[in-house]
Peer 1: 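First the structure, which I've put down as structure tokens, then a few questions once you've had a look.
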Amino acid sequence: MVGGAYIVVTEIPVLSRLLEPGAQLTAATLYVDALILSVVLFFGSIVLGLAWQFTVPRLLSLAIKPDRVYPLYGLQYSLHRMIARMTNIKFFGWLFGDSSYIVHYLRFLGYDLSKVVQTGSNFGTHVQHESPYLTTVGSGTMVADGLSVMNAEFSGTSFRVSRAVIGPRSFLGNNIAYPAGGRTGENTLLATKVMIPLDGEVREGTGLLGAPCFEVPRTVERDTRFDHLRTGEEFRRNLAAKDRYNRRTMAFWLFLRWVHAFVLTVCGLATLDVFGAIGPLVIALYLAIALAFTGCYFTLSERLITRFRPLEPKICSIYDPYFWWHERLWKVPEQYLKLFSGTPYKTLLWRMLGVRVGKRVFDDGAGLTERSLTTIGDFCTLNQGSTIQCHSQEDGTFKSDHIVLGTGCTLGVNALVHYGVTMGDHAQLAADAFLMKGEEVPAHARWVGNPAAEARGNAYQPAALNGSPQHGRPAPGRG
């Protein structure tokens with residue numbers, strides 16, 4: 001960032017004076033120039049980024065024909081990778097997701113969305129794909145979050161891209177990888193982390209859960225209590241009100257992100273001003289200040305939204321103003337937290353965000369969607385990609401509840417814990433497992449699978465962690 005700022009400063013005459021000898025860090029011109037530079041770079045990059053996304057990848061895609069086999073690492077392979085990178089910019093999903101505007105963004109990007117039935121929450125903030133031009137989502141379908149559309153198939157020597165079709169009037173939960181050729185059709189519930197079937201009959205009018213998947217009811221009675229809010233004149237009023245609230249949320253978070261960019265620009269220009277005197281030391285100082293400021297800034301932003309009060313369990317419609325406010329919390333950027341993964345500072349930030357965290361907790365890259373509804377005991381281990389999700393959204397109903405991890409619990413890589421769960425002391429959840437809502441895991445148990453269940457005959461062995469002898473061999477450091 002400092003190098004980029006240096007190029008911009010030296011090329012813009014009004015800013016080049018910052019590099020002149022005698023420039024003062026306290027001068028008003030420093031802040032005026034930083035204001036101009038941050039506005040141009042921040043908002044200009046948004047406009048240019050959208051224009052680039054909507055045009056250049058579409059032109060590149062003309063060289064790749066669907067269902068045709070191409071050699072691996074050839075020209076088409078390189079173009080395919082470029083298209084995937086250029087059309088999966090997380091910032092825009094974060095900006096437009098959980099609002100009515102995400103469908104327009106995805107349609108301009110290349111998605112075939114058929115006739116859109118607008119709900120105000122058609123897609124979440126995290127939607128990924130390999131080719132937006134070969135992705136079809138049926139009319140009336142809603143996607144919670146974390147959808148990854150897999151349009152490409154690879155072998156050791158070749159690859160091809162194919163169209164992936166998600167049926168109409170369906171609902172997709174969190175963290176679903178949907179492949180081309182998925183055998184699901186109309187009016188299907190695809191539960192969180194479900195494995196999509198690739199053979200057999202097309203599943204319609206049912207629900208799918210687990211890996212491998214099995215059928216469950218499409219809906220339950222408690223999730224239909226708010227259906228009357230999704231039709232008629234009341235729905236139109238609610239949708240208009242939600243759109244107005246979402247626009248304020250988008251503007252609010254764009255402003256906060258720009259303020260963050262402005263402060264870093266001021267620090268960057270100040271670094272350039274004194275670079276000659278101190279050199280690399282001041283760059284190291286700038287990076288340390290930028291990292292600390294970023295963590296504290298976004299943490300304080302979220303706490304101000306919640307007014308430093310913890311969240312409470314809730315069941316409501318997605319057209320309840322509470323849900324719109326809750327969605328606003330999901331807009332808090334997550335990237336800054338990942339910078340601190342694997343360090344003691346990550347748990348410090350969790351505490352600042354309202355998480356009840358015990359001592360000596362190791363977090364290698366976990367995600368917590370509702371911080372103040374989460375309790376993590378002493379000596380817990382949260383592996384990379386593990387998620388503690390204190391909410392669920394099915395069709396038009398939103399539900400949230402507490403999650404409690406006891407002392408010494410371990411969440412495996414990519415494991416997901418749903419709302420209302422309690423894990424006993426020293427319990428383990430295996431890698432990629434899905435611990436469903438309301439489960440109570442006994443102490444010292446090990447649960448595996450999707451949906452997770454206790455692993456019989458493979459009990460948790462606390463001796464392996466506390467250094468006591470096992471299998472007739474002395475513990476390390478003992479005679």
Side-chain angles (χ1 to χ4, degrees), residues 46 50 91-109 111 113-127 137-147 168-174 189 219 222-257 301-302 304-307 309 311-334 369-370 373 389-400 419:
I46 293 176
L50 287 172
F91 176 86
F92 295 114
W94 167 87
L95 177 63
F96 297 113
D98 292 323
S99 76
S100 296
Y101 307 102
I102 186 65
V103 295
H104 305 297
Y105 168 72
L106 293 177
R107 179 167 278 169
F108 277 115
L109 204 60
Y111 278 53
L113 299 181
S114 306
K115 181 181 178 181
V116 172
V117 178
Q118 187 60 262
T119 66
S121 293
N122 291 63
F123 292 87
T125 56
H126 297 87
V127 182
V137 181
S139 178
T141 289
M142 292 177 63
V143 178
D145 212 354
L147 172 65
R169 298 192 302 114
S170 297
F171 182 84
L172 281 68
N174 297 94
L189 168 70
T219 57
R222 68 174 180 271
D223 293 335
T224 62
R225 71 185 75 179
F226 302 114
D227 281 359
H228 64 283
L229 300 177
R230 301 171 59 192
T231 57
E233 184 62 30
E234 186 174 9
F235 163 72
R236 286 186 285 273
R237 289 196 302 269
N238 289 333
L239 179 60
K242 187 178 190 301
D243 287 342
R244 290 192 296 270
Y245 195 97
N246 288 153
R247 285 194 293 269
R248 293 196 298 270
T249 294
M250 293 164 65
F252 173 72
W253 278 111
L254 279 177
F255 173 75
L256 287 181
R257 278 212 164 189
S301 298
E302 178 172 334
L304 288 174
I305 292 176
T306 61
R307 299 179 182 179
R309 299 174 182 174
L311 299 174
E312 296 181 357
K314 192 78 172 180
I315 299 178
C316 64
S317 165
I318 64 172
Y319 301 110
D320 189 308
Y322 170 84
F323 177 70
W324 310 340
W325 174 81
H326 198 113
E327 279 185 317
R328 180 172 287 178
L329 295 176
W330 296 339
K331 294 284 187 181
V332 179
E334 298 177 348
T369 57
E370 283 79 22
L373 290 178
Q389 180 176 310
C390 298
H391 76 271
S392 176
Q393 179 190 337
E394 295 179 15
D395 293 318
T397 303
F398 171 78
K399 293 161 284 188
S400 64
Y419 70 100

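All residue numbers refer to positions in the sequence shown, counting from 1.
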Peer 1: Would you call Lys242-Glu327 a salt bridge at under 4.0 Å N-O?
Peer 2: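 A salt bridge is present here (some side-chain N lies under 4.0 Å from a carboxylate O).
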Peer 1: Are any side-chain N or O atoms of Trp253 and backbone N or O atoms of Arg328, one a donor and one an acceptor, separated by less than 3.5 Å?
Peer 2: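 Answer holds: yes.
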Peer 1: Which pair of heavy atoms, one from Gly138 and one from Ser114, lies closest together, and at what distance?
Peer 2: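 Scanning both residues, the minimum pair turns out to be CA-OG, 4.2 Å.
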Peer 1: For the pair Asn122 (side chain) and Val117 (backbone), establish whether a donor and an acceptor sit closer than 3.5 Å, ignoring hydrogens and angles.
Peer 2: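 Yes; at least one donor-acceptor contact below 3.5 Å.
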Peer 1: Closest approach of Leu311 and Leu373, non-hydrogen atoms and distance?
Peer 2: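 Heavy atoms only, the tightest pair is O-CD2, 3.3 Å.
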Peer 1: Which pair of heavy atoms, one from Ile102 and one from Phe123, lies closest together, and at what distance?
Peer 2: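 Looking at all heavy atoms of both residues, the shortest contact is CG1-CB, 3.8 Å.
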Peer 1: Which distance, rounded to the nearest 0.5 Å, do you find between the CG of Leu189 and the CZ of Phe171?
Peer 2: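 Reported to 0.5 Å precision, the distance equals 7.5 Å.
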Peer 1: Of all the heavy-atom pairs spanning Arg107 and Leu113, show the shortest one and how long it is.
Peer 2: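 Shortest heavy-atom contact: NH2-CB, 3.7 Å.
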Peer 1: Mind checking the OG-CG spacing from Ser301 to Leu329? Nearest 0.5 Å is all I need.
Peer 2: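 These two atoms lie 11.5 Å from each other.
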Peer 1: As a quick check of understanding, evaluate side chain to side chain contact (heavy atoms under 4.5 Å, CB included) for Trp330 and Asp145, giving each step before the final call.
Peer 2: CA-CA 11 Å; Trp330 296 339; Asp145 212 354; over 6 Å; no
Peer 1: Counting only heavy atoms not in Phe108 (residues, nucleotides, ligands), do more than 12 fall under 6.0 Å from its CZ?
Peer 2: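 Atom CZ in Phe108 is not packed in, count stays at 12 or less.
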Peer 1: Ring centroid separation for Phe235 and Tyr319, is it under 6.0 angstrom?
Peer 2: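 Centroid distance Phe235-Tyr319: below 6.0 Å, so yes.
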Peer 1: Could you walk me through whether Ser100 and Leu239 satisfy the side chain to side chain contact (heavy atoms under 4.5 Å, CB included) test, starting with their C-alpha distance in whole Å, then the side-chain angles of each, then the deciding distance to 0.1 Å, before giving a yes or no?
Peer 2: CA-CA 9 Å; Ser100 296; Leu239 179 60; 3.9 Å; yes
Peer 1: Ignoring hydrogens and geometry, is there a side-chain-to-backbone donor-acceptor pair from Asp320 to Ser317 under 3.5 Å?
Peer 2: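 Not a single qualifying donor-acceptor pair exists.
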Peer 1: Working note: Phe92 + Leu106, criterion side chain to side chain contact (heavy atoms under 4.5 Å, CB included); need CA distance, chi angles, decisive distance, verdict.
Peer 2: CA-CA 10 Å; Phe92 295 114; Leu106 293 177; over 6 Å; no
Peer 1: Quick check with a 6.0 Å cut-off and a 45 degree axis cone: is Lys399 positioned over the face of Tyr419's six-membered ring?
Peer 2: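 Not flagged: Lys399 not positioned over aromatic ring of Tyr419.
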Peer 1: Give, for atom NZ of Lys331 and atom OG of Ser99, the distance between the pair rounded to the nearest 0.5 Å.
Peer 2: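 Answer for the NZ-OG pair, Lys331 versus Ser99, is 5.5 Å.
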Peer 1: Mind checking the NE2-OG1 spacing from His391 to Thr369? Nearest 0.5 Å is all I need.
Peer 2: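 These two atoms lie 5.0 Å from each other.
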Peer 1: Establish, from distance only, whether the side-chain atoms of Ser121 and Gln393 form a donor-acceptor pair under 3.5 Å.
Peer 2: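 Gln393 and Ser121 do not have a side-chain donor-acceptor pair below 3.5 Å.
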Peer 1: Quick check against the 3.5 Å criterion: does Thr141 have a side-chain atom that pairs as donor or acceptor with the backbone of Arg169?
Peer 2: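 Flag set: sc Thr141 to bb Arg169 pair under 3.5 Å.
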Peer 1: Heavy-atom count around Gln118 CD within 6.0 Å, excluding the residue itself: above 12?
Peer 2: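 Buried by this count: over 12 neighbours within 6.0 Å.
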Peer 1: What is the distance from atom OH of Tyr105 to atom OH of Tyr111, rounded to the nearest 0.5 Å?
Peer 2: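 Between atom OH of Tyr105 and atom OH of Tyr111 there are 8.5 Å.
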Peer 1: Are Arg236 and Glu233 ion-paired here, with the side-chain N under 4.0 Å from a carboxylate O?
Peer 2: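 A salt bridge is present here (some side-chain N lies under 4.0 Å from a carboxylate O).
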Peer 1: Using distance alone, with no hydrogens and no angle criterion, decide if Asn246 and Thr249 have a side-chain donor and acceptor under 3.5 Å apart.
Peer 2: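 No donor-acceptor contact under 3.5 Å links the two side chains.
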Peer 1: Tell me the closest heavy-atom pair linking Thr119 and Ile318, and the distance in Å.
Peer 2: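 For Thr119 and Ile318, the tightest heavy-atom pair comes out as O-CD1, 4.3 Å.
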Peer 1: Does Thr306 reach the side chain of Trp325, with side-chain heavy atoms less than 4.5 Å apart?
Peer 2: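 Yes, close enough: below the 4.5 Å cut-off.
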Peer 1: Which heavy atom of Phe96 sits nearest to which heavy atom of Met250, and what is that distance?
Peer 2: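 Result for this residue pair: CD2-CE, 3.8 Å.
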